[in-house]
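Remember, it's 1-based here, ligands and their atoms both numbered in the order they're listed. This chain uses plain numbering: 1 for the first residue, then up along the sequence.
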Amino acid sequence: MDFGKIFIAGRWSEPASKDWIVVENPATREEIARVPACSSEDVDRAVKAASAAFPAWAAMPLEGRMALMERFLEQFRSLEPQLVDITVRELGSPVAFTTKSQVEYQYVRTRSYIDLAPKVPLFEKMAASSVYREPVGVVGCITPWNYPLGQVIQKIVPALLMGNTVVLKPSQHTPLSSYYLTEAIERAGFPEGVFNLVTGRGSEIGTALSTHPLVAMVSFTGSTSGGITVATNALRSVKRVSLELGGKSPYIILPGLKNWDEPIHILFNSIFLNSGQTCTAFSRLLVPRSEASAIEWRLAEISREYTVGDPRDPAVKLGPVSSERQFRKIRSYIEKGIEEGAKLLVGGVPSEPGPKEGWYVHPVIFTGVSNKMTIARDEIFGPVLCVIAYDSAEEAVAIANDTTYGLNAGVYGEKSLALKVARRIEAGNVYVNSSPRDTSAPFGGFKASGIGREGGVYGMLEFTQQKALFDTKL
Ligand code: NAD
């Protein structure tokens with residue numbers, strides 16, 4: 001793979017910029033590759049290619065776009081060994097988890113979008129008019145590093161199926177998996193300009209993309225602060241904006257359980273997944289005060305299953321965190337938690353690695369946390385769990401909702417109470433007991449966790465706009 005090029009108008013080409021970004025393996029700190037730090041000139045070329053391709057692509061019947069997406073899915077699957085290898089190296093996520101969640105789950109998502117595309121209500125008859133859903137135009141897709149393939153799939157597949165053309169800017173920290181994804185698009189034979197890839201820094205080309213006059217919509221996934229900047233820039237030229245942002249998600253264990261092992265595993269498979277670098281991570285555990293010490297004892301026991309080590313080892317559950325910046329940020333939050341008076345039940349402040357060692361952070365569980373503490377309010381984005389005690393279900397709901405975020409939540413306990421509590425939580429997704437996730441459900445946030453939805457029919461509607469035709473007198 002030639003990581004020195006970018007993909008514009010159906011061809012791999014040299015960037016105008018002569019600047020580079022070094023991509024490092026966080027497990028070894030070795031350089032893996034260099035990608036272009038593109039300039040606004042490169043973005044302009046990509047957007048113009050996407051704009052030129054738009055009319056014909058939008059006019060293609062849905063069946064034609066679906067057939068191309070089927071071919072993409074076939075090519076995407078055929079690149080699995082390369083995708084797993086590059087994701088393990090650029091992100092440091094463990095190989096077993098990478099294979100299942102970072103890569104294979106993206107086939108499930110793509111399949112779901114293709115299957116649901118014919119069900120998107122693209123036409124509706126009103127009392128005295130007809131409403132058509134039309135594509136928006138050129139969509140700028142800006143994605144984060146924590147799920148480098150997943151976040152891209154969640155945007156480009158629905159955007160393209162609905163007849164939009166795309167310019168993708170993946171995270172500068174994990175751009176390499178997007179090269180293989182682009183290769184799958186190229187092999188599938190999409191018309192030139194329908195999909196374009198540029199690489200670079202958010203503050204430079206992310207801004208160029210979100211302010212370009214020919215971009216009709218910006219679909220952004222990343223931090224809340226980044227999303228606000230992108231949305232502010234995009235609104236100056238009244239672009240559509242969809243934002244998938246951060247979270248500080250609560251997980252409530254209700255009183256009266258005989259055994260806590262299942263909820264604890266659900267919780268740990270969220271907060272320790274991907275070394276805690278998951279937007280939906282259950283980072284605040286709310287427990288009944290009278291049962292707190294017994295639950296904490298099980299938390300400490302079960303946390304031993306969450307092994308940390310070389311991400312290439314299939315038995316390892318947590319690899320390194322993604323970069324030095326992440327390591328230092330997480331470490332400073334652990335120090336802050338101690339300073340604020342929270343108690344360490346598991347783990348501690350990670351020690352400084354040697355020059356060739358990875359950025360490893362072992363799971364940390366804080367108990368005696370108040371929801372006012374910084375560690376309970378900020379998105380740490382690392383394997384750090386805050387345990388907060390409550391006295392009544394009413395108080396649990398109040399604590400759960402006392403956050404600027406509203407992305408995800410979980411409730412575990414007696415069914416009817418769990419459902420009642422779940423309905424009162426201010427979050428876009430709430431998991432009740434051991435219910436699995438669903439690709440056809442809408443995904444997205446309340447409050448500062450975002451605007452808009454991804455997934456299924458809702459995720460595809462996001463990339464359309466309504467046109468009302470007043471046609472009764474024809
Ligand atoms: P980030 O905001 O730093 O960057 C995300 C992307 O935006 C990157 O491609 C970056 O280059 C670009 N960017 C940054 N500033 C920009 C600007 N001013 N203009 C244009 N583009 C800009 O976020 P990150 O550190 O890559 O990702 C972690 C964050 O993403 C966490 O807050 C996490 O919760 C969130 N996230 C949310 C979801 C979700 O679906 N809600 C999913 C994954 C990650």
Side-chain angles (χ1 to χ4, degrees), residues 21 23 35 37-38 40 43 90-91 93 101-102 109 140-155 167-175 177-178 197-212 215 218-236 239 241-249 270-271 273-283 321-327 329-330 378-382 403-408 427-429 437 441-455 459 462:
I21 291 170
V23 183
V35 297
C38 288
S40 48
V43 170
E90 71 176 346
L91 179 64
S93 60
S101 299
Q102 299 273 14
R109 278 186 164 146
C141 298
I142 302 179
T143 57
W145 48 262
N146 62 333
Y147 287 85
L149 278 171
Q151 302 308 329
V152 172
I153 289 295
Q154 283 285 66
K155 298 188 184 309
V167 176
L168 168 68
K169 190 213 90 63
S171 169
Q172 62 272 34
H173 304 295
T174 55
S177 43
S178 284
L197 171 74
V198 289
T199 51
R201 301 182 185 94
S203 53
E204 294 162 9
I205 61 160
T207 306
L209 196 54
S210 44
T211 53
H212 197 291
V215 170
V218 182
S219 177
F220 175 92
T221 299
S223 60
T224 294
S225 60
I228 291 169
T229 308
V230 166
T232 308
N233 285 334
L235 276 177
R236 290 207 176 93
K239 300 185 194 318
V241 176
S242 85
L243 303 173
E244 295 289 346
L245 309 175
K248 190 74 189 176
S249 301
S270 170
I271 182 62
L273 187 80
N274 208 20
S275 293
Q277 303 166 124
T278 301
C279 54
T280 51
F282 296 135
S283 49
V321 298
S322 75
S323 63
E324 177 176 1
R325 187 168 134 255
Q326 272 298 106
F327 176 85
K329 181 181 151 204
I330 298 164
D378 291 5
E379 184 186 48
I380 299 175
F381 225 49
T403 167
T404 52
Y405 295 108
L407 190 58
N408 194 27
N429 283 191
R437 59 180 173 177
F443 172 82
F446 282 20
K447 303 194 276 187
S449 289
I451 296 173
R453 292 294 179 268
E454 291 185 338
E462 204 69 29

Can you confirm whether the side chains of [X] and [Y] place a donor and an acceptor under 3.5 Å from each other?
| X | Y | value |
| --- | --- | --- |
| Thr221 | Lys155 | yes |
| Ser283 | Glu379 | no |
| Tyr147 | Ser93 | no |
| Ser249 | Thr280 | no |
| Lys248 | Thr403 | no |

Please could you name the atoms of ligand 1 that [X] approaches to less than 4.0 Å, counting only its heavy atoms?
| X | result |
| --- | --- |
| Asn146 | 43 (C), 44 (C) |
| Thr207 | 19 (N), 20 (C) |
| Gln172 | 10 (C), 11 (O) |
| Gln151 | 42 (C), 43 (C) |
| Ser171 | 9 (O) |

If I compare all heavy atoms of Leu245 with all of Cys279, which pair ends up nearest, and what's the gap? O-CB, 4.1 Å
Polar atom proximity, Ser449 to ligand 1 (N or O, under 3.5 Å): no
Before signing off on this row, confirm whether Thr224 and ligand 1 have an N or O atom pair separated by under 3.5 Å. no
Atom 24 (P) of ligand 1: which of Tyr405, Phe443, Trp145 has the nearest heavy atom? Trp145
Atom 20 (C) of ligand 1: which of Thr232, Leu407, Val230, Thr229 has the nearest heavy atom? Val230
Below 4.0 angstrom, N of the basic side chain to O of the carboxylate: do Arg453 and Glu462 qualify? no
Tell me, please: is Tyr147 in heavy-atom contact with ligand 1, that is, under 4.0 Å? no
Is the closest heavy-atom distance from Gly445 to ligand 1 below 4.0 Å? no
Could I get the full list of ring pair (Phe, Tyr, Trp, His ring centres under 6.0 Å) partners for Phe327, not counting sequence neighbours? Trp359
List for me each residue that meets ring pair (Phe, Tyr, Trp, His ring centres under 6.0 Å) alongside Tyr405, sequence neighbours excluded, and say none if there are none. none
To the nearest 0.1 Å, how far is [atom] from its closest protein heavy atom, and which atom is that?
| atom | result |
| --- | --- |
| atom 36 (N) of ligand 1 | Cys279 CB, 3.5 Å |
| atom 2 (O) of ligand 1 | Ser223 OG, 2.6 Å |
| atom 13 (N) of ligand 1 | Gly202 CA, 3.5 Å |
| atom 32 (O) of ligand 1 | Glu379 OE1, 2.6 Å |
| atom 6 (C) of ligand 1 | Thr143 O, 3.5 Å |
| atom 12 (C) of ligand 1 | Ile142 CG2, 3.5 Å |
| atom 37 (C) of ligand 1 | Leu245 O, 3.1 Å |
| atom 35 (C) of ligand 1 | Gly222 O, 3.2 Å |

Atom CD1 in Ile205, atom SG in Cys38: separation rounded to 0.5 Å? 5.0 Å
Can you confirm whether some protein heavy atom lies under 4.0 Å from atom 4 (O) of ligand 1, or whether none does? no
Main-chain N/O of Asn274 paired to Asn146 side chain as donor or acceptor, under 3.5 Å: no
Give a yes or no answer on whether the side chain of Thr224 reaches the backbone of Ala448 with a donor-acceptor pair at less than 3.5 Å. yes
